[in-house]
Enquirer: 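If you scroll down you'll find the structure; I have some questions about it.
One is the number of the first residue; the rest follow in order along the sequence. Only this structure's heavy atoms are used, side chains among them; waters, hydrogens and symmetry mates stay out.
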Amino acid sequence: MTKFTLLLPFPVFILLLFVFPAFAQQKQPPKYSFPVYHKYKDWRSHIVVDPYKQDTLLHPIPMSRQIFHEQIDKEQLAADRADGVVDTFIRYKNDSIISASLTQALIYNIDTMQILIENMPPKGRDSLATNQQKIRYLRAVKNLLHTYNKDPKPDPDYYIALEDNLDSMLVAINERKVIDFVIANPNIYTLDNSRDLFDNPSPERSLIYAEMGKADPVLMIRRLSEFASDTFSADVIAAAARLVPEVVFEYAISTNLPLKSAVFHATDDSLVKAIVTIADESRAPTRIFPFLSDVYYHRKTIPQLDSMATYPNLYFENLVELKIENDTIGRGAYNQEIGYRALRDFVRPMNELHDENDENIRFHCLDSMSPEALYYIMVYGQDEIYTSSFLGAFKRMMARMAPMPGNHLLDTLHHDHFRTFIRMCSGYNTLSDFLGTMNDTGKSYVMTSFINGLEKGNDNELEDAVDVADAFGSIRDSALSEFLKKKVKENYEYSYGIKSRKGMIVYSLMSRLFDGNKDSGNDTGAATTSLRLHLPPINIVPYKSLINDSGIVYQQVFFFGDKDGQDSYNSFIDEFKNDNKWKIINEKFWTQIYSTSGKKIVIYANLPLDEPADEKAQDSLVKFLSDTGIHPSIMIHRGHSYHLAATLARLDSNVKIVILGSCGGYHNLALVLDKSPDAHIISSKQTGVMAVNEPIIRAMNQRLLDGADVDWVSMWNELDEYFQKKPSAQDKFSDYVPPYKNLGAIFIKAYRKMNATK
């Protein structure tokens, strides 16, 4: 904080020596010490001044409040020091604009706020009340800074707005206009500042909470514990039930009695009453809650729903019926339940029986399922469904859909997730079959809808665009390709006409991906595509980018504690045991493998301890690598798709190659590229298998031992020849997508680079 000292005229200085002898003995204040006697004007002046608009003190600060200023100064110093340099500047990442704004708010504006507090007129308060009031204000300022300093991931926009709100709020309180201020500013900043400025309970806080309950019930219901016993809590609960009924339901089944009681006492509202009825009367309330609308509209009774929930297929069909009806009440709950049940009751059982020759046994779980239900099983199972499982479900959907054309099915489902479905059909070579159920008008409508509208939504909403980009890589129908290319051009022109920057970027990239995908099967074509998209090479990872300062390539492999993970680990270790180019060292929580010939490679793999100890092994390894300054440039995930989130949460930002060995859906690709924007990603359309993962890793490591760049095109051609001699693994290898063919990842990279260029 820049605290400045005014040069005082000599007579005033002499006066200070006599009137304030203690001050005369003080040393020159350190940089962050508030100069309590240097920043005030002559209080004997008869000039009328506005105490709220001064940048200097009107009166000296009493000793009783100096300690609070010192506490503020210390917090400012901590905020300044956090970036490693004490220079009165708070750096936020590499953003100079945000850094300047944050510095202004937390250093200079806080300085001014300290002066503001000291200059505030008493407004009829006696000296004791005035002192206590100003101490409370100073504590609020200190707590704001302290909260910022303790926040592991501070949002600069939040703290900048919080400081601005506090400044205005202090004046409103002092002028006894807090009610007007709250009504004009019902937001999170007013709410958070009120915790330090008002007692609880107090009329002011009750007003703030009540107004916030009206303005933002979603935010307030998550803070119900702060006002559960207040009379206005029922209004907040009722409003929140229409927006986030699942949160109200969680309170209704909670063991936290104050929260549960607050919900049960809010049953004058019919929707809250329906939620309480499920919580209070159902044998399995969490399973029944997705059918909240059925209870609310009295379509089904609790006993009927409890009975239905015991039959997985019937239960799923009823969930799908809610989707078809497009019910808005409880939509989040039934969407989540459909995703969970699609995987648990259908996709995983089909996958587990993949070696079963009898289709009637493998696909028994799909018996009697409607085409709409089969559609959702495939769509919601996208991250885990095997190729053969998808094909089995697709075949049954097509048979049960007939003679209804596919576009009518999509209309029935309100085109919900239809881009994902089209992308999956394209990837599994069934798109022509699906489009073949439609006449030319229907086909044109579906594929036009597939391309149209990608300019909508926020700049970072890219899931639909990534689905389209992924589909491009698998479309072999030349007439369909030309049709889509024409639609891309039309949409670019439309986006240009409406001045949609997102649309122009998306469709420009789509056009380049269309052209580049035809030629990217060789190094020259891939290099051309990279230039066309303004990206680093999509087909080569330079060896020098993978080594650290000591010339070592570090790799980290994540294993999990289920049977599949333990089998994968044992098979992985066996790859190195009998190869004299490698040595293995076993530790308590991980295994270290390092090369003994060729270039230096060190591989760390956590032990697949029985769940949940496998997480401890992973965390222990991550901590060891961090503590020793090791940053792996290659990360390999060896586990089912449902374990992938745990791996990505531990991803090192230095990673350059990521082998997922499982589906690389949009959210997974985006998470990887959030950490490492230029990472090369290998993923599979289904869960990875040892028979494919290990040859890929082996081929990559051989190049690294030779000190060669990782050329994906040549490596994939060699692997293709290798797997042609192994028919049992050939089909599974064809499900793996190399980095130069991973159009979803390439699109995200290119879009982010173009969008960042203002």
Side-chain angles (χ1 to χ4, degrees), residues 242-243 245-246 249 271 274 278 286-302 304-347 363 365-382 385 390 392-425 430 434-435 437-438 442-443 445-447 449-450 453 463-464 467:
R242 280 147 183 79
L243 301 171
E246 62 276 7
F249 174 71
L271 184 55
I278 294 172
T286 54
R287 265 191 288 177
I288 301 308
F289 177 67
F291 297 93
L292 173 61
S293 62
D294 283 335
V295 177
Y296 177 69
Y297 291 117
H298 307 291
R299 292 191 296 244
K300 293 183 177 72
T301 65
I302 297 297
Q304 287 174 327
L305 291 169
D306 278 339
S307 174
M308 174 204 66
T310 61
Y311 301 96
N313 288 37
L314 180 62
Y315 181 75
F316 193 81
E317 289 282 7
N318 275 270
L319 287 170
V320 171
E321 191 61 34
L322 293 175
K323 295 279 281 184
I324 292 172
E325 292 172 0
N326 207 15
D327 228 320
T328 56
I329 295 177
R331 178 181 286 161
Y334 67 67
N335 279 337
Q336 183 176 1
E337 190 71 7
I338 285 179
Y340 171 71
R341 297 290 169 177
L343 288 170
R344 199 199 76 163
D345 295 337
F346 303 100
V347 171
F363 296 107
C365 62
L366 301 182
D367 288 352
S368 77
M369 300 302 285
S370 67
E372 292 85 2
L374 292 168
Y375 173 93
Y376 279 118
I377 287 169
M378 289 182 280
V379 165
Y380 278 96
Q382 62 173 306
I385 196 166
F390 175 88
F394 179 84
K395 181 175 77 172
R396 285 158 176 77
M397 184 199 75
M398 292 284 284
R400 294 168 196 173
M401 186 178 73
M404 179 174 61
N407 55 303
H408 287 186
L409 174 69
L410 296 178
D411 288 342
T412 300
L413 300 172
H414 317 289
H415 282 230
D416 185 39
H417 287 80
F418 87 101
R419 288 190 178 92
T420 298
F421 181 71
I422 297 296
R423 185 256 299 163
M424 294 178 77
C425 287
T430 59
F434 183 68
L435 295 177
T437 66
M438 313 171 202
K443 187 187 304 184
Y445 170 71
V446 168
M447 295 313 295
S449 300
F450 182 64
E463 186 167 4
D464 286 342
D467 278 338

Enquirer: Within the 4.5 Å heavy-atom criterion, are Leu319 and Tyr376 side-chain neighbours or not?
Expert: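 Leu319 vs Tyr376: side chains apart.
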
Enquirer: So does Gln336 have more than 12 non-hydrogen atoms from other groups sitting under 6.0 Å from CD?
Expert: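 No, because the 6.0 Å sphere around CD of Gln336 holds 12 heavy atoms or fewer from other groups.
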
Enquirer: Please test Phe316 against Asp345 for side-chain contact (heavy atoms from CB on, under 4.5 Å), starting from the C-alpha separation and ending with a verdict.
Expert: CA-CA 9 Å; Phe316 193 81; Asp345 295 337; over 6 Å; no

Enquirer: Glu372 side chain to Leu413 main-chain N or O, any donor-acceptor pair under 3.5 Å?
Expert: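 Checked: no pair found.
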
Enquirer: Would you confirm whether Arg419, through its side chain, and Ser449, through its main-chain N or O, come within 3.5 Å as a donor-acceptor pair?
Expert: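 Yes; at least one donor-acceptor contact below 3.5 Å.
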
Enquirer: Output yes when a side-chain donor or acceptor of Asn313 lies under 3.5 Å from a complementary backbone atom of Leu366, and no otherwise.
Expert: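 Judged by distance alone, no pair lies under 3.5 Å.
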
Enquirer: Do Asn326 and Arg331 have side chains that approach each other closer than 4.5 Å (heavy atoms only, starting at C-beta)?
Expert: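 Counting from C-beta outward, Asn326 and Arg331 do come under 4.5 Å.
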
Enquirer: Donor-acceptor check, side chain of Thr437 to backbone of Phe434, threshold 3.5 angstrom: yes or no?
Expert: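 Yes; judged by distance alone, with no hydrogens or angles, the pair exists.
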
Enquirer: Please tell me if the side chains of Leu322 and Asp294 come closer than 4.5 Å, counting only heavy atoms from C-beta onward.
Expert: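 Sidechains of Asp294 and Leu322: in contact.
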
Enquirer: Going by heavy atoms in the side chains, are Thr430 and Met398 under 4.5 Å from each other?
Expert: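 SC-SC contact between Thr430 and Met398 ruled out.
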
Enquirer: Can you check whether Tyr375 and His417 have ring centres sitting under 6.0 Å from each other?
Expert: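 Ring-ring flag for Tyr375/His417: false, centres at least 6.0 Å apart.
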
Enquirer: State, with a plain yes or no, whether a side-chain heavy atom of Met369 is found less than 4.5 Å away from one of Arg400.
Expert: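 SC-SC contact between Met369 and Arg400 confirmed.
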
Enquirer: Determine whether Phe249 and Leu292 make a side-chain contact, defined as any pair of heavy atoms from C-beta on separated by less than 4.5 Å.
Expert: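 No, side chains not in contact.
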
Enquirer: Does the side chain of Arg423 come within less than 4.5 Å of Thr420's, by heavy atoms?
Expert: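 In short, these two side chains touch, coming nearer than 4.5 Å.
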
Enquirer: Over 60° means perpendicular and under 30° means parallel, so classify the ring planes of Phe421 and Phe390, tilted if in between.
Expert: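 It falls in the tilted class, 30° to 60°.
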
Enquirer: So, the side chain of Tyr315 versus the backbone of Arg287: is there a donor-acceptor pair under 3.5 Å, distance only?
Expert: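 Checking the backbone N and O of Arg287 against the side chain of Tyr315, a donor-acceptor pair under 3.5 Å is found.
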
Enquirer: How about Ile278 and Phe291: do any of their side-chain heavy atoms sit closer than 4.5 Å?
Expert: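 The answer is no; the side chains never approach within 4.5 Å.
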
Enquirer: Pairing donors with acceptors under 3.5 angstrom, does anything connect the side chains of Ser293 and Arg299?
Expert: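 The criterion, which ignores hydrogens and geometry beyond distance, is satisfied for Arg299 and Ser293.
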
